[in-house]
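Notes follow once the structure below has been shown.
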Amino acid sequence: MKTALYIAYHKSAPRVEGPSVHPIQVGRACSDTPLPNMIGDDTGTNISSRNEAFNELTALYWAWKNDETSDFLGLLHYRRLLDLTEQPQKGDVERRPNEFFVADWIEHTENWLKANGSDWDIVVPRLHRMGRTVEQNFLARHSDREWRTLSDIIKKDHSEYSISFQLVGKSPDLRIGNLSLMHRSFFDRYCTWLFDILFKLEAAQLPRNNYNINQARYLGHVAERLLTVFIFHEQQNNPSLRLKEVSILNIGDTLVVPYIDRRDQLASEDVNIVCTADRAYLPHAAAMMRSVLDHADPARPINFFFLHSSINSSELNVLRSMVERRLATKFVPINTGRIFKGSYRSISRHASNTTYNKLLLFALFPGLRRILYLDTDLIVLKDICSLYDTDISGAKIAAVPDWIMTRTLTGLTETIDPAVPDLGVYQRDVLGLNEEQIARYFNAGVLLFNFEESSEIERTGKILMGLAKQNRYLFRDQDILNAHFSNNYYSLDPRWNVFNAPQASYGRVPKNLHSRAMQARKDPWIIHFADRDNKPWQSKPVGDAEHYWQALSRTPFFVEVLHRATKPDTRWGSNLQRAVITTGKRLAEKVPTLKSPLLKIYYWSKWRS
């Protein structure tokens, strides 16, 4: 038994492909950007040029006319897949998983097709119940002339379906998505019936010049109703029908792994930049991107992959509009959800867990040769393309040393975290670093990943993700990356990541490293506002803040940040709150055993606020 499930794509999206699962680009006859290593619906006998009205049905037509060898044929959508599972189907027809691993779904689907596929004549989504009837739902968005003409065509040329059409039209139940898998005998009969009706409706002389974008896709919407009619008619008239009803996996807003497959490599001249933020850091991400675009070579294409935690689509579109105003620039938001919800948060470091998102790059982008990761609390002052093109001599990762972290080489370095009384001991015993590696300990705010030289990208990603789940790393993703790549990293020009921290913070840095750090501060190419007490959006003077405000002022988020910066701090600024904090510090000094619980209470309160 041979099965072919065709997945319709009209733009770049995560590739879902397997032995029986075949991506196909729809509307390729009208597209200026053919998708690589993918079937096009413009080959053989096709209606590719009519995709605007037929939508994903141009793939269905292509499969009907050109696939002559498959026993079972079906149509899926790059955002909507059939959930071929034997588990009880309950709740909403569309399930929206937090994560979707392509390899797992392919394996499960192929196994199901092999073991159970021939047990069914038709597999379709379960009925979705709407708040109005099928007819009312169509008329609310489309012309009533289309519905009347459709009804007349069925009465005249397919009268045996007339009663089923009327009953479905009066029902609130619809099979959404034009998704199905059918035995060839049913598939041929369905397509013959469906396209005869659609072609006649398309040829009807109706006034369609003023249709909006959604109305112009009327044939695709009509087909959803007709699939419902066809299945209903079979159920009423074919007692031997073997029908399987399943849920739909909607992965439109899901973290899909991998996001860019090896078969979807982007152009070699593209600059691929990844950053990550939650809603609180969205304005700062905009300022960082603005600074990149203002200084980048205008001839180079730039792709921004924005890993975020459930930022709403309207705000993402505001950022997209700003970024894509530059020619040859793409903004690709990827919702990572809460995949790192349970990962470690030190009681003394309360940053968002989105910082772990950089560990996802190995799993998400095996198809990219090189990736530049940039923190969102930095400002770029030089052409980022020159950093992206740096020859890193075959190393797997490139970064700038974190000079302040090297002070552990000059003696005891206490931390305020009770679990790490001496940072140097922690670097040696937990991270496994020797003195030479500590002197090269790098900051994770600017990272150049070289995937072209790595033959085990996915395996590396799994290792790093596993480490993120261990509650032991004080500086979290940064410690994990240093422990893993300590012997295989290239040290970048230090001007590519210059902290705005006060010079006093460098007082205990070894002399030879101190001179390099101070030299870089004289001519920074990237200013990194890494010190939590020296963020430029705070309502106090901060070194190099003018570069941040200059970039932010040219983003849509300027007023929002300005309002926050000038608003009185009601959370931690009152005299009473300062008195409580001061008292707590004095109490911890007198009774050391209270230090840990008092710190937990303090940082828990800050997170809550």
Side-chain angles (χ1 to χ4, degrees), residues 1-82 84 100 102-103 105-110 112-114 117 123-124 177-184 186-188 190-192 194-195 198-199 217 219-220 223 227 248-252 256 258-267 366-368:
M1 181 195 76
K2 181 181 178 183
T3 299
L5 274 167
Y6 293 95
I7 302 186
Y9 286 76
H10 70 91
K11 64 178 183 178
S12 296
R15 178 185 290 263
V16 180
E17 184 171 1
S20 304
V21 182
H22 311 295
I24 178 170
Q25 182 179 359
V26 296
R28 190 146 83 176
C30 308
S31 175
D32 296 328
T33 54
L35 300 178
N37 303 310
M38 189 177 295
I39 302 168
D41 68 348
D42 57 341
T43 59
T45 304
N46 69 85
I47 54 171
S48 178
S49 62
R50 292 145 79 179
N51 176 257
E52 181 179 1
F54 280 88
N55 315 141
E56 64 273 2
L57 297 178
T58 58
L60 185 72
Y61 185 87
W62 185 94
W64 177 41
K65 292 297 185 180
N66 297 283
D67 185 336
E68 299 177 350
T69 61
S70 297
D71 303 296
F72 286 81
L73 296 100
L75 177 66
L76 306 178
H77 188 272
Y78 76 96
R79 291 183 305 163
R80 284 172 165 163
L81 307 171
L82 293 176
L84 300 175
F100 179 83
V102 173
W105 184 86
I106 289 293
E107 180 181 12
H108 178 87
T109 298
E110 295 290 348
W112 185 90
L113 290 172
K114 183 177 180 179
V123 182
V124 287
N178 283 320
L179 310 179
S180 67
L181 173 63
M182 301 184 187
H183 185 273
R184 178 170 288 277
F186 288 87
F187 184 79
D188 286 340
Y190 169 63
C191 288
T192 300
L194 173 69
F195 285 106
L198 295 181
F199 289 159
R217 303 169 66 240
L219 293 175
L227 175 61
I248 294 173
L249 290 175
N250 189 320
I251 59 173
V256 180
Y259 193 87
I260 295 183
D261 188 90
R262 294 179 188 273
R263 290 159 290 193
D264 296 315
Q265 290 188 358
L266 303 183
L368 299 182

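The basis for the numbers below is simple: all heavy atoms, side chains too, and nothing from hydrogens, waters or symmetry mates.
With sequence neighbours left out, Glu17 forms a side chain to side chain donor-acceptor pair (under 3.5 Å) with Arg15, Arg263. With sequence neighbours left out, Pro19 forms a side-chain contact (heavy atoms from CB on, under 4.5 Å) with Ile106, Glu110. For Arg79, the side-chain contact (heavy atoms from CB on, under 4.5 Å) partners are His77, not counting sequence neighbours. Partners of Thr45 by side-chain contact (heavy atoms from CB on, under 4.5 Å), not counting sequence neighbours, listed by chain and number: Tyr61, Lys65, Asn66. Contacts of Lys2 classified as side chain to side chain donor-acceptor pair (under 3.5 Å), with partners at least two apart in sequence or in another chain: Thr69. Listed by chain and number, the residues in a side chain to side chain donor-acceptor pair (under 3.5 Å) with Thr109 amount to none (sequence neighbours excluded). Residues meeting the salt bridge (charged side-chain N to carboxylate O under 4.0 Å, His left out) test with Arg50, sequence neighbours left out: Glu202. Residues satisfying the side chain to side chain donor-acceptor pair (under 3.5 Å) test with Tyr259, not counting sequence neighbours, are none. Residues that satisfy the ring-ring contact (aromatic ring centres under 6.0 Å, His included) test with Tyr190, not counting sequence neighbours, are Phe230. Under the side-chain contact (heavy atoms from CB on, under 4.5 Å) criterion, Asn178 pairs with Glu56, Leu57, Ala223, Glu224, not counting sequence neighbours. Under the rule for a salt bridge (charged side-chain N to carboxylate O under 4.0 Å, His left out), the partners of Asp188 that lie at least two apart in sequence or sit in another chain are Arg184.
Within the 4.5 Å cutoff, no side-chain heavy atoms of Asn46 are placed close to those of Thr58. Side chains of Tyr6 and Asp67 form a contact here, defined as non-hydrogen atoms less than 4.5 Å apart. Looking at heavy atoms from C-beta onward, Pro23 lies out of side-chain contact with Val16 at the 4.5 angstrom threshold. Residues Cys30 and Glu52 are not in side-chain contact: their nearest non-hydrogen atoms beyond the backbone lie 4.5 Å or more apart. Between Leu60 and Phe187, the closest side-chain pair of non-hydrogen atoms falls below 4.5 Å. Put simply, the side chain of Leu266 reaches to within 4.5 Å of the side chain of Leu368, judged on heavy atoms. At least one side-chain heavy atom of Ser12 sits under 4.5 Å from a side-chain heavy atom of Leu35. For the pair Leu113/Leu181, a side-chain contact is recorded, criterion being any heavy-atom separation below 4.5 Å from C-beta on.
Interatomic distance, Leu5 CG to Leu76 CG, rounded to the nearest 0.5 Å: 5.0 Å. For the atom pair Leu73 CG and Phe186 CZ, the distance stands at 14.0 Å (nearest 0.5 Å). Note that the CD1 atom of Ile7 and the CD1 atom of Ile24 stand 11.0 Å from one another [nearest 0.5 Å]. Phe195 CZ to Leu219 CG: the interatomic distance, rounded to the nearest 0.5 Å, is 9.5 Å.
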Residue pair Phe72, Val123: steps toward the side chain to side chain contact (heavy atoms under 4.5 Å, CB included) verdict: CA-CA 10 Å; Phe72 286 81; Val123 182; over 6 Å; no

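The minimum heavy-atom distance linking Val124 with Ser180 is given by the pair CG1-CB, 3.9 Å. In this structure, Met1 and Gly117 approach most closely via the heavy-atom pair SD-C, 4.1 Å. When all heavy atoms of Cys191 and Trp64 are compared, the pair lying nearest together is CB-CD2, 3.4 Å. Of all the heavy atoms in Ala59 and Leu75, the pair that sits closest is CB-CD1, 3.9 Å.
One N or O on the side chain of Ser48 and one on the backbone of Ala29 form a donor-acceptor pair closer than 3.5 Å.
Evaluation of the salt bridge (charged side-chain N to carboxylate O under 4.0 Å, His left out) test over residues 19-48, restricted to residues two or more places apart or in two chains, returns Arg28-Asp42.
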